[in-house]
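Quick note on labels: first sequence line is chain A, next is B, and so on, each numbered from 1.
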Amino acid sequence: MQKAEGLSPLPPWRRTDYCGNLRAGDAGREVALWGWVASRRDHGGLIFIDLRDREGIVQVVFNPERAAAAHQIARQMRLEYYVAVKGAVIVRSEATVNKELATGEIEVAAQEAQILNESVSPPFPIGDEAAAEDIRLRFRYLDLRRPEMQRNLRRRHRALAGARAYLDSQGFVEIETPILWRATPEGARDYLVPSRINPGKFYALPQSPQLLKQLLMVSGFDRYYQVARCFRDEDLRANRQPEFTQIDIEMTGPRTEDVMAVGEGMIASIYRHALGVELPLPFTRMKYDDVFARYGTDKPDLRFGLEILELSQPFAGTGFRIFAESLSRGETIHGIRLPANFALSRRELDEMTESLRLRNGLGLAWVRASAGGWQGPIAKFVAADEGARVAEAAGICEGDLLLMVAGERSRVLPVMGDLRLQLGTRFGLRESDARCFLWVSDFPLLEYNAEERRMVPVNHPFTAPHPEDLERLNSDPLSVRALSYDLVLNGEEIGGGSIRIHNRELQLRIFELLGFTREQAEEKFGFLLEAFGYGAPPHGGIAFGVERISMMLCNTDSIRDVMAFPKTQKAVDLMSGAPSDVSQVQLDELSIRVTK
RNA sequence: GGGGUCGUAGUUCAGCCCGGUUAGAACGCCGGCCUGUCACGUCGGAAGUCGUGGGUUCAAAUCCCAUCGGCCCCGCCA
């Protein structure tokens, strides 16, 4: 009898409401619900079932005197059974109201009930507490049943809905581009897909639709966007998966400010749709040089100060031998002023000094400003007037601590940036729920890669050089700025883009700088260079990381918490077992021999 | 490729340092009783290759080595 019912593919009646939506205003209504048994309290007579669906939980009461048949069914119910219930919404007596539940003022008095499907005992409780992550991933469909994951994925959906609504309102056209595409050099490792029809040849999954969206500008769509899946075969991190999603945007003829305006308009729409929050616009804007000098990184967390100070000037002619030698080598001295209300123990200072020495081979000097002058291991090497000069330059007050490192500027600044983050973490300054958005622009175009002994693009090889720096492209390429920009939120890069090159000759010159011969450039990017020859308009754009944004919206540190079916750090899907072996027949068809 | 950390009933964890009864607890599960619970209560019960393999030892969850897996980090990720 029970089994026969369970076999029916159709539920016995239509659902009228979601469990979690019922309120006191529904009192007196006859409702029909479907849901999972989240809790069962059997009093021998009365049975209480907490019924859960995507909107939440409602209590159902089974009374053997009023609905004997339904009560008999409720006796069979167990956790995570999927059941259908019909009954009346009734207001609970004052003594039995549950303030913990959104539906706690009412309950459903069951008149009919049916078990639609039984459940074996779940491998972990479907509740607020997360189990060990490997079991969650193995039974992901159950993990996603948990309210927290339901909330996260629906919030991600709202974010995308907000992005689409905004971009549509601004005249952007959503266009899908191929997943099977061609391998291109530079950048991350490609995921390859063998071609059966063309033995020995491979497609690559796109690392981003970069070139395709540029070609769409050549086509004249003028404003394009796509919620684009991207693939990069690199090692995973807490915020990195091999496949991820970007909101990819490209437009014809923008200046940097135009792209920023669209980007922040879209982000504002995302926050409005996902959280009901109105973001103040425009976002803060800074140039890369300034950001790097003040924060030692290109993605600063602006929720706190503790900016890096350049102290080379006030230390000129110092009696402190180590600093003096550094300065004589053309190196610089940087410091961070830690105000007196942030107290570091001597032991913490020693640990910081030691870890800096071990990790970077750099010495940390520190002094504390007291009424009688400086205190600390190096205080005795610094003359009073010199100390006063530094104190003034750094804005030191009594009780403040000054942490200093001397060395090559490009090496010391990132170290100071790390130190700044460490201090921010140590004093709880990064726990603030403030949202500090920041546009960083004018990155360098190129950097020197010592390993490959050549210049590589900081962004990608299609980024346009800053017009003011064009003349230095040959004489001093490393000093050339790019028309590029990133959007940073609380120390995380959530988007980035650039104005592109749309001129064939300029693009060829950049390829040349990067060490491509003309033939190589033609072979790899001939279709792009060819397209530029057909009246390609100036264009530029940006791409935003959907998971990064969703992580911020959901207040989580793990990308897996905002993806339905993520992979482990070894890029394995614990649920399906991907990647898996394939049959010899499949390999033969693809002309592939596995050597390991 | 490298460093760190975790792995014990279905789940969450204790036990591991300092080797020595039958490896415990809570929740869950199974059965009985219970008409206002919502961490229901109550009585009883089942449940463990201590990740895997090897070594040391009279004796290993415990010490050593290797290995597998989850997580975090460095490299890598234009």
Side-chain angles (χ1 to χ4, degrees), chain A residues 38-52 57-66 71 74-75 78-80 90 92-101 103-104 107 109 119-139 142-143 184-190 207-208 210-211 230-244 358-360 418 443-447 449 451-452 455-463 482 484 486 493 496-498 510 514 543 545 557-561 566-572 574:
Chain A
S39 170
R40 175 171 169 275
R41 296 176 293 279
D42 185 347
H43 287 234
L46 287 181
I47 295 175
F48 298 93
I49 297 278
D50 287 347
L51 201 60
R52 178 187 63 236
I57 282 177
V58 71
Q59 173 166 283
V60 181
V61 199
F62 294 85
N63 188 322
E65 288 161 9
R66 303 214 179 133
H71 181 264
R75 287 185 63 186
R78 295 294 182 270
L79 288 183
E80 301 309 322
I90 56 177
R92 298 197 197 184
S93 73
E94 202 155 319
T96 61
V97 164
N98 183 350
K99 292 190 173 64
E100 305 294 311
L101 275 185
T103 59
E107 63 193 358
S119 171
V120 295
S121 195
F124 51 81
I126 313 299
D128 294 330
E129 297 281 308
E133 194 152 13
D134 48 347
I135 323 175
R136 291 175 58 199
L137 292 174
R138 168 129 187 271
F139 298 93
L142 291 181
D143 190 44
T184 51
E186 305 278 335
R189 266 185 290 268
D190 284 317
Q207 296 178 23
S208 82
Q210 179 60 37
L211 295 177
C230 306
F231 306 85
R232 295 179 189 174
D233 187 5
E234 296 293 346
D235 287 353
L236 288 74
R237 284 288 187 284
N239 62 358
R240 260 162 40 192
Q241 284 269 311
E243 56 182 302
F244 58 98
L358 286 175
R359 293 220 320 272
N360 303 293
D418 281 347
F443 287 80
L445 183 69
L446 304 163
E447 63 191 350
N449 184 314
E451 204 173 301
E452 298 180 46
M455 282 183 287
V456 296
V458 168
N459 188 219
H460 54 57
F462 318 107
T463 298
S484 60
D486 279 358
E493 180 196 329
S498 62
I510 296 292
L514 298 175
D557 289 328
S558 171
I559 193 173
R560 298 178 298 281
D561 287 344
K567 295 175 181 61
T568 69
Q569 195 157 50
K570 290 208 160 169
V572 167
L574 291 180

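- Of the P atoms belonging to B/C6 and B/C64, the separation is 13 Å, rounded to the nearest Å.
- Taking 4.0 Å as the cut-off between side-chain N and carboxylate O, A/Asp50 and A/Arg52 do not count as a salt-bridged pair.
- Using P as the reference atom, B/G55 and B/U62 are 14 Å apart when rounded to the nearest Å.
- The residue A/Leu236 sits apart from the nucleic acid: no heavy atom pair falls under 4.0 Å.
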Legend entry - Summary of protein contacts for nucleotides 39-48 of chain B, nucleotide by nucleotide, where a base hit scores B, a sugar-phosphate-only hit scores S (4.0 Å, heavy atoms): -B--------

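- Summarising the geometry, the separation between CD on A/Glu234 and C1' on B/C73 is reported as 16 Å, rounded to the nearest angstrom.
- In this structure, A/Phe139 atom CZ and B/G28 atom C1' are separated by 15 Å, rounded to whole Å.
- Of the charged side-chain nitrogens involved, none lies within less than 4.0 Å of a carboxylate oxygen, so that A/Asp235 and A/Arg240 do not count as a salt-bridged pair.
- Regarding contacts with the backbone of B/U37, every side-chain N or O of A/Gln59 stays at 4.0 angstrom or more from both OP1 and OP2.
- Of the candidates B/C71, B/C76, B/G75, the closest approach to any side-chain atom of A/Gln569 belongs to B/C71.
- To the nearest angstrom, P of B/G70 lies 17 Å from CD1 of A/Ile559.
- Within the shown strands, B/G70 is the pairing partner of B/U5 under the Watson-Crick or G-U definition, both distances less than 3.5 Å.
- Not one side-chain nitrogen or oxygen of A/Arg240 sits closer than 4.0 Å to the OP1 or OP2 atom of B/C76.
- Judged by distance alone, the side chain of A/His71 and the main-chain N or O of A/Gly45 form a donor-acceptor pair under 3.5 Å.
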Inset, instruction - Classify every nucleotide of nucleotides 8-13 of chain B by which part a protein heavy atom approaches to under 4.0 Å, writing B for the base, S for the sugar-phosphate alone and - for neither, in 5'-to-3' order. - result: --SSS-

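- Nucleotides B/G51 and B/A61 are separated by 10 Å at their P atoms, to the nearest Å.
- Where A/Ala571 and A/Gln210 each meet RNA chain B at their nearest nucleotide, the meeting point lying more 5' is that of A/Ala571.
- Dashed line: the shortest gap from a side-chain N or O of A/Arg75 to OP1 or OP2 of B/G32 is not under 4.0 Å.
- Atom CZ of A/Arg41 is surrounded by more than 12 heavy atoms from other residues, nucleotides or ligands within 6.0 Å.
- The gap from the C1' atom of B/G48 to that of B/U5 amounts to 24 Å, rounded to the nearest Å.
- For the C1' atom pair drawn from B/G15 and B/U22, the interatomic distance equals 15 Å after rounding to whole Å.
- Residue A/Ala188 places its side chain closer to B/C77 than to any other of B/G36, B/C72, B/C77.
- The nearest whole Å value for the distance from the CZ atom in A/Phe231 to the C1' atom in B/C77 is 16 Å.
- Note on A/Ser93: nothing from the nucleic acid sits closer than 4.0 angstrom, heavy atoms only.
- Evaluation of the side-chain hydrogen bond (donor to acceptor under 3.5 Å, both in side chains) rule for A/Gln241 yields no partner, not counting sequence neighbours.
- Considering CG of A/Leu211 and CZ of A/Phe462, their distance stands at 4.0 Å, rounded to 0.5 Å.
- A donor-acceptor pair under 3.5 Å links the side-chain atoms of A/Arg189 to the main chain of A/Asp233, judged by distance alone.
- Using a 4.0 Å cut-off, no side-chain N or O of A/Arg136 falls inside it from OP1 or OP2 of B/G70.
- Among the protein residues, A/Arg92 comes within range of the nucleic acid bases, having at least one heavy atom under 4.0 Å from a base atom.
- Rounding to whole angstrom units, CD of residue A/Glu129 and C1' of B/C27 are separated by 11 Å.
- Between the A/Ser484 side chain and the A/Ser498 main chain, no donor and acceptor come within less than 3.5 Å of each other.
- Pairing partner, B/C27: B/G10, with both Watson-Crick or wobble hydrogen-bond distances short of 3.5 Å.
- In this structure, A/Thr96 reaches the bases: a heavy-atom distance under 4.0 Å links it to at least one base atom across the strands shown.
- Within 6.0 Å of the CD atom in A/Glu447, the count of heavy atoms belonging to other residues, nucleotides or ligands exceeds 12.
- Open room surrounds CG on A/Asp557; 12 or fewer heavy atoms of other groups in view lie less than 6.0 Å from it.
- If you measure from atom CZ of A/Phe62 to atom P of B/G36, you get 17 Å, rounded to the nearest angstrom.
- Nucleotide B/U56 has no partner under the Watson-Crick or G-U criteria, as no pair reaches both atom distances under 3.5 Å.
- Between B/C16 and B/G24, the two P atoms lie 15 Å apart (nearest whole Å).
- Rounded to an integer number of Å, the gap from CZ of A/Arg189 to P of B/G75 is 14 Å.
- Distance check on atom C1': B/C29 versus B/G10 gives 8 Å, rounded to whole Å.
- The same atom, P, is picked in B/G28 and in B/U21; the two are 31 Å apart, to the nearest Å.
- Under the Watson-Crick or G-U wobble criterion, with both distances below 3.5 Å, B/G75 has no partner in any strand shown.
- Remark: the A/Arg560 side chain and the B/G70 base include no donor-acceptor N/O pair separated by less than 3.5 Å.
- A donor-acceptor pair under 3.5 Å links the side-chain atoms of A/Arg232 to the main chain of A/Gln207, judged by distance alone.
- Pairing partner, B/G41: B/C33, with both Watson-Crick or wobble hydrogen-bond distances short of 3.5 Å.
- Here B/G75 presents its P atom at 16 Å from CD of A/Glu452, a figure rounded to the nearest Å.
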Inset, instruction - In sequence, state the C-alpha distance, the side-chain angles, and the governing distance for A/Ile57 and A/Glu100, and then conclude on side-chain contact (heavy atoms from CB on, under 4.5 Å). - result: CA-CA 11 Å; A/Ile57 282 177; A/Glu100 305 294 311; over 6 Å; no

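- Between the side chain of A/Asp134 and the base of B/G7, no donor-acceptor pair of N or O atoms lies under 3.5 Å.
- Base engagement by A/Glu107 is indicated by at least one non-hydrogen atom pair under 4.0 Å involving a base atom.
- Within the 3.5 Å criterion, the main-chain N or O of A/Arg75 finds a donor-acceptor partner in the side chain of A/Arg40.
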